[in-house]
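So you know, we letter chains A, B, ... as the sequences are listed, proteins then strands, and number each from 1. All heavy atoms count here, side chains included; hydrogens, waters and symmetry mates do not.
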2 protein chains.
Amino acid sequence: MPARGDHDARRREVSEAVWRVLARDGFGGLTLRAVAAEMGASTGLLTHYFPTKRALVRHALEITQERTVIRNRRAGVADGLAALRSALLDVLPLTPRATAMNRVWVSFWDAALADPELGASEAARYARWRAKLRPHVEAAQRLGELPAKADPDDIVTITAAFTHGLVVQALFDPDRFPPARQTSLLEQFLAGLPTHPAIGD
Amino acid sequence: MPARGDHDARRREVSEAVWRVLARDGFGGLTLRAVAAEMGASTGLLTHYFPTKRALVRHALEITQERTVIRNRRAGVADGLAALRSALLDVLPLTPRATAMNRVWVSFWDAALADPELGASEAARYARWRAKLRPHVEAAQRLGELPAKADPDDIVTITAAFTHGLVVQALFDPDRFPPARQTSLLEQFLAGLPTHPAIGD
DNA sequence: TGACGTACATAACAAACGTTTGGTACGTAC
DNA sequence: GTACGTACCAAACGTTTGTTATGTACGTCA
């Protein structure tokens, strides 16, 4: 029986159960009963803390995003291209934890494509991700690791595209994309980056 | 009332209705009643041609793949890097039709991640896509457009990753990614490709 | 013309869904 | 001790789901 003030903690517990069900069964398998069973509780508990399933899902995704932010903060030691590499390595499904995280997001895309509100929140998440990568690209430009005349937004977008595209391929074929292969592909991609903006020259 | 022998044609009609519902409402909104309403029929018609929903979905996805193959065949005029560019342009959501196609596939990822059988078929689809791109990369290597010593599989995988990653970003933020921006980003990516394999030198 | 299989519509089915309701246990306030 | 709000559980609500059963219209073959 949680003491007074544990309300938010309980909500977080519920959200983590949501997250676990989502990673295992996808969005199509996310039901209130499955979440309740996951945490050994009843559906009454869920509706006590969240008025509707939609609110529950929204909160669970906010929690996940928050967790991502925390993780990225840890990697803020390097600079320029090295920092970019580090940030991308954090996203790739190199560990079971990162794999689960990516499964949740990719599953979420189904609901996000069909629901305008969720779709907008996903677009915003992409914008935040690019905004987080951009300083590293700009630092790399200042350090001479990337051409200064290139549009940093384009570089960031291309990099994000490559990374998520690799995420999806790796999720569906883990045998073909073990961690070593993923990092190797990322390295090859990064090696080609300096030439991309040559078009504008 | 279709004449004898129209059985397969009717199945295709049903599959196209499935495809339309999928593009509009995603996998989560795909119900037999929605499909029936989409083609102005009853659920009895659906079960008459497909024993189960699963079979219906499977056939619909096969149809979509077949359509993709047909479309790619049309673009087999160029060679090398130009052919690669053409094949990638065919995938990007530059038209409403291509947008719908991509929405279906991205939505499908939710179900495919949760269901091993569907996941395997998606992995196979990726393998087929890469196999279709590889000849163009190898031709580009023979033509001197790409370094001959590079591993064509790596180049193909990186290229597929970038393309699908761009697809997802464009689906969620069409305003930020109009056709011109997508093609520009693809062009910048392709310009950087020749340097990628420099790592092996 | 009658028998028969195909091509559906209509309607019912049990199961599962999100949500609501009623009740119990318990800490806190007075 | 009584009153009260919080924290749940258990059960039921009406709806929607995939699936099945029943019935009918129609072309085909004998």
query = Any donor and acceptor pair, going by atom type alone, linking the side chain of A/Asp110 with main-chain N or O of B/Phe27 inside 3.5 Å?
reply = yes
request  = Report yes or no: does B/Arg103 contribute a side-chain atom to a donor-acceptor pair with the main-chain N or O of A/Leu113 at less than 3.5 Å?
outcome  = yes
task = Enter the inter-axis angle for the ends of the helix from C/dA14-D/dT17 to C/dC30-D/dG1 (five pairs per end, rounded to 10°).
result = 20°
Integer-rounded Å distance: [N] [atom2] and [X] [atom1]:
| X | N | atom1 | atom2 | value |
| --- | --- | --- | --- | --- |
| A/His48 | D/dC8 | NE2 | C1' | 7 Å |
| A/Arg54 | C/dT19 | CZ | P | 10 Å |
| B/Phe50 | D/dT20 | CZ | C1' | 18 Å |
| B/Asp8 | C/dA7 | CG | P | 11 Å |
| B/Leu30 | D/dT17 | CG | P | 10 Å |

message = Does any part of the side chain of A/Gln182, heavy atoms only, come nearer than 4.5 Å to the side chain of A/Leu185, both counted from C-beta?
response = no
query = Do the non-hydrogen side-chain atoms of A/Phe189 and A/Thr159 ever get within less than 4.5 Å of each other?
reply = yes
Looking for any heavy atom pair under 4.0 Å, which part of the strands does [X] touch: base, sugar-phosphate only, or nothing?
| X | value |
| --- | --- |
| B/Leu46 | nothing |
| A/Thr31 | sugar-phosphate |
| A/Leu56 | nothing |

remark   = Contacts satisfying salt bridge (Lys or Arg N to Asp or Glu O under 4.0 Å) that involve residues 156-172 of chain A (not counting sequence neighbours) are none
query = Of the candidate nucleotides C/dT20, C/dG18, C/dC8, which contains the atom at the shortest distance from the side chain of B/Arg10?
reply = C/dC8
Minimum-distance nucleotide (side-chain atoms of A/Leu32 versus C/dG18, C/dA7, D/dT19) = C/dG18
Nucleic acid contacts - residues 11-21 of chain A versus DNA chain C, non-hydrogen atoms under 4.0 Å = none
request  = Just do the side-chain contact (heavy atoms from CB on, under 4.5 Å) check on A/Trp129 and B/Gln169 with the steps written out, would you?
outcome  = CA-CA 11 Å; A/Trp129 187 30; B/Gln169 291 190 66; 5.7 Å; no
Enumerate all atom pairs, one protein N or O and one N or O from nucleotides 9-13 of chain D, separated by less than 3.5 Å.
unit_1, atom_1, unit_2, atom_2, d
D/dC9, OP2, A/Ser42, N, 3.3
D/dC9, OP2, A/Ser42, OG, 2.6

inquiry  = Using the ring centroid of each side chain, check whether B/Phe162 and A/Phe162 are separated by less than 6.0 Å.
reply    = no
query = Centroid-to-centroid, B/His59 to B/Tyr49, below 6.0 Å?
reply = no
request  = Give the C-alpha distance, both sets of side-chain angles, the deciding distance and a yes or no for side-chain contact (heavy atoms from CB on, under 4.5 Å) between A/Leu171 and A/Val167.
outcome  = CA-CA 6 Å; A/Leu171 284 182; A/Val167 164; 4.1 Å; yes
Answer yes or no: is there an ion pair linking [X] with [Y], defined by an N-O contact shorter than 4.0 Å?
| X | Y | answer |
| --- | --- | --- |
| A/Asp90 | A/Lys132 | no |
| A/Glu62 | A/Arg12 | no |
| A/Asp175 | A/Arg181 | no |

task = Just say parallel, tilted or perpendicular for the rings of A/Trp109 and A/Tyr126, cut-offs at 30° and 60°.
result = parallel
ask   = Using the C1' atoms of five pairs at each end, what's the angle between the two axes of the helix from C/dT1-D/dA30 to C/dA12-D/dT19, to 10 degrees?
value = 0°
message = Can you list everything that forms a salt bridge (charged side-chain N to carboxylate O under 4.0 Å, His left out) with B/Arg130? Sequence neighbours excluded, please.
response = none
